[in-house]
Colleague: 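Can you read through this structure? Questions will come right after.
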Amino acid sequence: MRAVRPVAAPAGKSERPGHSPALRVGRPGFGWAVPATVFFVLFAVVPLIMVAVLSFTSWNGLGSPVFVGTDNWSRVFADPVMVKSIWLSLLMTALGVAIQTPLSILLGVWAAGQQRNRAVLSAIYFLPLLLSSTAVSVLWRALLDPNFGMPARAEWLFGDGNLFGGQATAIGVLAFVSTWQFTPFHTLIYQGAARAVPPVLYQAAEVDGAGRYRQFFHVTLPQLRNSIVTSSVLMVVGGLTTFETVLILTQGGPGTDTTITAFHMYQKAFKGFDFGAGSVIALVLVAAATLISLVMVRLSGYDKMRGSTEGLS
């Protein structure tokens, strides 16, 4: 049998192990991002541009829009209901972050442990995640109805029972319902983050004599820093764009005491048929949510973080 002579590689092209032409795989390029880019442009950028153009026109939903310059912007910011709605939106958002963040962290860290019946209790607790905001709002509207709900049967707890008749109690109901619905989602974020904490950190803390509470504050919380920023940004964006809960539970009442900015936009555009003013309010919401999120990211140093285990290197 005649031996086969190996073919020499072309000059200047040395073959390295694992880099033969037959084994080369195409590298990801711009083509991989085309579907997502097209989707984002069609359903985010284009509608935003159309809303921006519409904010400078007068349009009632019929006929053709008429250009009116900055008239809509002047009317919106001169409206006392608009100014009040901005403060209410900020208040609701702040309440959501202040209440849901500690609850989510505690429940997430607990759910990441190895307690008995933890899986069953966690599954029951996460049930609100399966329901839509509309379904949750309808449920609690029926449960808190002053005539046929729990307040009518527990006057010792609810007083006159009309929780939707005053601003303080109405805002309290909105904050409670939002907490009941969305805390499980943020708990999942913290549960995953808590499970990713390296066990060696806890072992080192035990060697130093740290108990369970000191480990939580000096080991767990610092390692959850990235997740806290992410969860808080999601809470802020969600709080500023809350709509269904207000629509079903309070309808902006009593009076305008719970008319947040997103609900005010709905009233202007789809009830008052003033789509120009509604577009202005929508742009204000987008700008506010973007600005607050960027400020939170910059102040927290989230954009400079390398990972949740920075302390190990």
Colleague: Might you point out which heavy atoms bring L285 and L240 nearest each other, and give the distance in Å?
Modeller: CD2-O, 3.3 Å
Colleague: Please check if F126 and L131 belong to a single hydrophobic cluster, counting links between Ile, Leu, Val, Met, Phe, Trp and Tyr side chain heavy atoms closer than 4.5 Å.
Modeller: no
Colleague: Which atom pair, heavy atoms only, marks the closest approach of Q167 to D257?
Modeller: NE2-O, 3.2 Å
Colleague: Locate the shortest heavy-atom distance separating T93 from V236; write the atom from each residue and the value.
Modeller: CG2-CA, 3.6 Å
Colleague: Atom CZ of residue position F243 - does it have more than 12 heavy atoms of other residues, nucleotides or ligands inside 6.0 Å?
Modeller: yes
Colleague: Would I105 end up clustered with F185 when hydrophobic side chains under 4.5 Å apart are linked, directly or stepwise?
Modeller: no
Colleague: Quickly, which of S231, S227, S104 forms a side chain to side chain donor-acceptor pair (under 3.5 Å) with H186? Name it, please.
Modeller: S231
Colleague: To check you understand the geometry: which heavy-atom pair defines the closest contact between A194 and L224, and what is its length?
Modeller: N-CD2, 3.8 Å
Colleague: On a heavy-atom basis, which atom in N162 and which in P146 lie closest, and how many Å separate them?
Modeller: CA-CB, 4.0 Å
Colleague: With under 30° as parallel and over 60° as perpendicular, where do the rings of F77 and W73 fit, or are they tilted in between?
Modeller: parallel
Colleague: Carefully, step by step, assess R141 and F164 under the rule side-chain contact (heavy atoms from CB on, under 4.5 Å).
Modeller: CA-CA 10 Å; R141 178 67 194 187; F164 304 103; 3.3 Å; yes
Colleague: Using the rule that two of Ile, Leu, Val, Met, Phe, Trp, Tyr join whenever any of their side-chain heavy atoms come within less than 4.5 Å, decide whether V83 and M265 are in one cluster.
Modeller: yes
Colleague: Kindly give the heavy-atom pair with the smallest separation between M235 and G96, and that separation in Å.
Modeller: SD-O, 4.0 Å
Colleague: Once the angle between the rings of F275 and F270 is folded into 0 to 90°, is it parallel (under 30°), tilted (30 to 60°) or perpendicular (over 60°)?
Modeller: perpendicular
